[in-house]
Structures are given as structure tokens and as C-alpha cells.
Protein chains: 2
Amino acid sequence: MSDVDTLSATFAALADPTRRALLARLRQGEATVTQLAEPFAMSLPAVSRHLKVLERAGLVNKGRDAQWRPCRLDAAPLREVDEWVKGYRAFFEERYDRLAAQLAERRAEHTEEA
Amino acid sequence: MSDVDTLSATFAALADPTRRALLARLRQGEATVTQLAEPFAMSLPAVSRHLKVLERAGLVNKGRDAQWRPCRLDAAPLREVDEWVKGYRAFFEERYDRLAAQLAERRAEHTEEA
DNA sequence: GCTGCACTTAACACACTGGGCAATTAACAG
DNA sequence: CTGTTAATTGCCCAGTGTGTTAAGTGCAGC
């Protein structure tokens, strides 16, 4: 996890239901680590580590208020995810299904030519 | 990786640049395992396993043509990703930045009430 | 049936993940 | 100074991921 590209780090961070739940919670506003951990059947250190993963992925910012570390959502990396998915929208959107099929077929022909 | 939810499996599959490159290649149409492996500085078995990960995530379908396994893109799982990201769009889209801030603040007030 | 090609599986190494508890740091409250 | 609360870090363990090479499987063609 040392020098992974942003997109990989973001996807990896999102590939865990606990972390996605943390993000969902943070949509409702700031929360401390203990507050965030409360709903989970999991130790505080475990949640703290999940938050660190999210933080390193740039999805969460931690502030400092005395002994509390109020966490805020930073959805910026999700913009990149959105852009990436956009490149595949033609392949999963209903209204684009036929277009996608045509694209794939036409490009397959080009491939065979080469 | 046994009984992971679809979204987690999809995100995990996407959290690897090699696999994303494989998907990008498959946008241009069917390809065999060897064809797919060709651009990578990586053994064939390694690529084969990457494809298996994509297959188990439902992102790739493998056919059977004699000794070849033509792989096709199946972007259906990405629809779910798109839906998920949509839930955060208000937090990263320029035009929604102010709205998101308001939402977060208003919900933070509600939280404090409780 | 042997040989070759496409691909998968096996066996192994190694790093990372995610969970637990215990100990530690940091900051407030008396 | 002492004790409490918030949060992190260290250590251990089990499981998983990713790469290698070598062996196995399945199909085609002479």
C-alpha cells in the first residue's frame, strides 16, 4: 500500500462495508472516532484503523479538538471514481446497451484486421 | 473473499491497475487470455488469476472456443458502483459544494440535538 | 497416439489486511 | 499530581492476495 495510485487506493478503501458505512455516517456531518465506532460490533482500535485507511485514501479528514479527532468526509477522490465509471456507462446503461454492443462488435472487427 | 457483498467484491476487483487495464482492453471487444496478457510484464498465470477475480466479481464473462476462452466485458456490476457514487455526488460536484456544506451542517445540528 | 498450443491449477514465498487485547500518548478535570 | 477520557500504536494471529515456476488439462492437427 506504499505508492499505489490514487484510484487503486480509493477503490481499495471502498472495498469494505465497514468503511463505506463510516463514509455514509460522515455524510450527516462531523463525528468523533468514538461516535463513529458506536454502531459497530468491533473494537475502537479496529474502527480507528479503518478511519486511517480512509484518511490515507483522502476520503476523510481528521481535525483536532482537545482529545477529540472530529472526522469530516472529503468526497474529492470519489470524483475520480465517478470519472472512471463514466467510461463504462455506455456498457451498463439501459439506453446505451445497443450502442455498447455495436461499439464492441465494431472494435472487434478492427482488432481482427490487425 | 468467500461471501462478500457484491459492492465490496466489485470495489476490490477494481482496486488493481492491472485489472482495470484488462477491463479497458475488453471495452474494445472480446479477447483471449493470451491476447489480454500480451501487454503486461507478468506471467500468463498471473493474468489468468486477475481474470478470475474479475470473473468472480461478475465483471467478465468467459466463453469457450476450442482451447480459447474469449473474455467479454460485463459492466453490470458497475451500475451498482455508479449508484453508490451517486449518493456522494452532492459532496464532490462543484455545483453542489454549497448544498453539501449546508446539508452537512444542518444534519450536524440534528445530531447535537440527540 | 504424439506433439503443440491455450489455459488452469498446484505449490511455494511473501506481503498486506483485519481482528483482538494491552500499552501508550494526549488532553482535560479535580 | 492523579485520575479519566479519547484515540493511537504495538504485538499477535489467521486469512487473503499476488507473484513466481512447474505440472496438469483439454483441444487440435499431423
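Reckoned from all heavy atoms, side chains included, excluding hydrogens, waters and symmetry mates. In what follows, every chain begins at residue 1, and chains take the letters A, B, ... in the order their sequences are listed.
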Specify the separation, in whole Å, of atom CD of A:Gln35 and atom P of D:dT5.
16 Å
For atom NZ of A:Lys52 and atom C1' of C:dG19, their distance in whole Å:
16 Å
To check you understand the geometry: which heavy-atom pair defines the closest contact between A:Ala15 and B:Ser8, and what is its length?
CB-O, 3.7 Å
Which atom names give the shortest non-hydrogen contact between A:Leu59 and A:Ala13, and what distance separates them?
CD1-CB, 4.0 Å
Which residue pairs pass the side-chain hydrogen bond (donor to acceptor under 3.5 Å, both in side chains) test with at least one member in residues 41-55 of chain B, sequence neighbours excluded?
B:Arg19-B:His50, B:Glu55-B:Lys62
Atom CZ of A:Phe40 and atom P of C:dG20: how far apart are they, to the nearest Å?
12 Å
Is it the case that the side chain of A:Arg72 and the backbone of A:Glu30 share a donor-acceptor pair, with hydrogens and angles ignored and the cut-off at 3.5 Å?
no
What's the verdict on side-chain contact (heavy atoms from CB on, under 4.5 Å) for B:Tyr88 and A:Leu23, showing C-alpha distance, side-chain angles and the deciding distance?
CA-CA 9 Å; B:Tyr88 292 85; A:Leu23 291 180; 3.5 Å; yes
May I have the step-by-step check of side-chain contact (heavy atoms from CB on, under 4.5 Å) for A:Leu51 and A:Val47, ending in yes or no?
CA-CA 6 Å; A:Leu51 283 168; A:Val47 175; 4.2 Å; yes
Check the interface with nucleotides 19-22 of chain D: list each N/O to N/O pair with the protein under 3.5 Å, or write none.
from	atom 1	to	atom 2	distance (Å)
D:dG19	OP2	B:His50	NE2	2.3
D:dT20	OP1	B:Ser43	N	3.4
D:dT20	OP2	B:Ser43	N	3.0
D:dT20	OP2	B:Ser43	OG	2.5
D:dT20	O4	B:Arg49	NH2	2.2

Return yes if some donor-acceptor pair links the side-chain N/O of A:Arg27 with the main-chain N/O of B:Gly87 below 3.5 Å, else return no.
yes
Has B:Arg20 got a side-chain atom pairing as donor or acceptor with A:Leu7's backbone, closer than 3.5 angstrom?
no
Under the ring pair (Phe, Tyr, Trp, His ring centres under 6.0 Å) rule, collect the residues that match up with A:Trp68, sequence neighbours excluded.
none
Close residues, residues 7-15 of chain A, relative to DNA chain C [heavy-atom separation under 4.0 Å]
none
A:Asp74: salt bridge (Lys or Arg N to Asp or Glu O under 4.0 Å) partners, not counting sequence neighbours
none
Heavy atoms within less than 4.0 Å of DNA chain C: which residues of residues 58-77 of chain B have one? Give them sorted by number.
B:Lys62, B:Gln67, B:Trp68, B:Arg69
OP1 or OP2 of D:dT8 versus the side-chain N and O atoms of A:Ser48: is any pair under 4.0 Å?
yes
